[in-house]
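For reference, the structure is listed below as structure tokens.
Along the sequence shown, residues carry numbers from 1.
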Amino acid sequence: MRYYRLKHRLCMQHSFDNKKEHKHNHVIEIGTVSGFSDSEDDFGEVRKMEMLMEQILEPYQFQYLNDYPEFHGDLSIENIGEVIYERLWPEYEKSGWSLQRFEISETPLRVYAIVEGSHE
């Protein structure tokens, strides 16, 4: 099995009190450690993983996340991570990839992680 660590950025807005006049910006970093069985086209597999994450993040890019019902008004880094992970994990499974580790952070000093086998 080969593993790759990929990073993506989500530029988003939110407010803690659901008032748009209090919204502020964040750049969230999302990292994954993913694996797949030996492939003749590693670059193609990695590119598919990147495209999938881009597709999942695209609806949220530069948006006010309080407007999205899937977050249930909880815009903590942990809940944002859970929502994105729940969308990503089944797509990885369908593609035959393993999602070993999912990380989301707003600063390098505060990282929320979900590790394979810990979220069942």
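- Rounding to the nearest 0.5 angstrom, the gap separating the NE2 atom in His26 from the CG atom in Leu10 is 11.0 Å.
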- Please report the C-alpha distance between Ile30 and Phe102 in whole Å, then the side-chain angles of each, then the deciding distance to 0.1 Å, and finally whether the side chain to side chain contact (heavy atoms under 4.5 Å, CB included) criterion is met. CA-CA 7 Å; Ile30 298 170; Phe102 174 92; 3.6 Å; yes
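- For the pair Thr32/Met53, a side-chain contact is recorded, criterion being any heavy-atom separation below 4.5 Å from C-beta on.
- Annotation: the span from Trp89 atom CH2 to Ile114 atom CD1 amounts to 11.5 Å, rounded to 0.5 Å.
- In terms of heavy-atom proximity, Asp74 sits nearest to Asn79 at O-ND2, 2.7 Å.
- Between Phe71 and Tyr60, the gap from one ring centroid to the other is short of 6.0 Å.
- We find the CD-CD distance between Glu70 and Glu86 to be 12.5 Å, quoted to the nearest 0.5 Å.
- Here the side chain of Ser98 pairs no donor or acceptor atom with the backbone of Gln100 at under 3.5 angstrom.
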- Query: After noting the C-alpha distance and the side-chain angles of Trp97 and Glu91, does the key distance pass the side chain to side chain donor-acceptor pair (under 3.5 Å) rule?
  - Reply: CA-CA 9 Å; Trp97 304 324; Glu91 297 301 322; over 6 Å; no
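- Residues Lys20 and Asp67 approach most closely at NZ-OD2, 3.2 Å, considering heavy atoms.
- His22 has its ring centre no less than 6.0 Å from the ring centre of His24.
- Heavy-atom minimum distance, Arg101 versus Ala113: NH2-CB, 3.4 Å.
- Annotation for Leu57 and Arg9: closest pair CD1-O, 4.3 Å, computed over non-hydrogen atoms.
- Screening Tyr4, Tyr92, Tyr3 for a side chain to side chain contact (heavy atoms under 4.5 Å, CB included) involving Ser34 leaves a single residue, Tyr92.
- Counting heavy atoms from C-beta outward, Gln55 and Leu52 have side chains that approach closer than 4.5 Å.
- Taking the charged nitrogens against the carboxylate oxygens, Glu78 and Arg110 do have a contact shorter than 4.0 Å, which makes a salt bridge.
- Here the CD1-CD distance, from Ile77 to Glu106, works out to 5.0 Å after rounding to the nearest 0.5 Å.
- Residues Ile80 and Leu75 come closest through the heavy atom pair CD1-O, 3.6 Å.
- With a 4.5 Å cut-off on side-chain heavy atoms, Val83 and Tyr68 do not count as touching.
- With contacts defined as side-chain heavy-atom distances shorter than 4.5 Å, the pair Met12/Tyr64 does not qualify.
- Annotation: Arg47, atom CZ; neighbour count of heavy atoms from other residues, nucleotides and ligands within 6.0 Å is above 12.
- Taking each heavy atom of Val111 and Ser105 in turn, the nearest pair found is CG2-CB, 3.7 Å.
- Panel note: side chain Gln13, backbone Lys23; no donor-acceptor pair is recorded below 3.5 Å.
- Side chains of Val33 and Leu6 form no contact here, defined as non-hydrogen atoms less than 4.5 Å apart.
- Atom CD of Gln61 is separated from atom CD of Glu58 by 7.5 Å, given to the nearest 0.5 angstrom.
- How far CG of Leu88 is from CD of Glu93: 10.5 Å, rounded to the nearest 0.5 Å.
- Between Ile104 and Tyr85 the shortest side-chain heavy-atom distance does not fall below 4.5 Å.
- Looking at Arg5 and Glu103, a side-chain N of the basic residue comes within less than 4.0 Å of a carboxylate O on the acidic one, giving a salt bridge.
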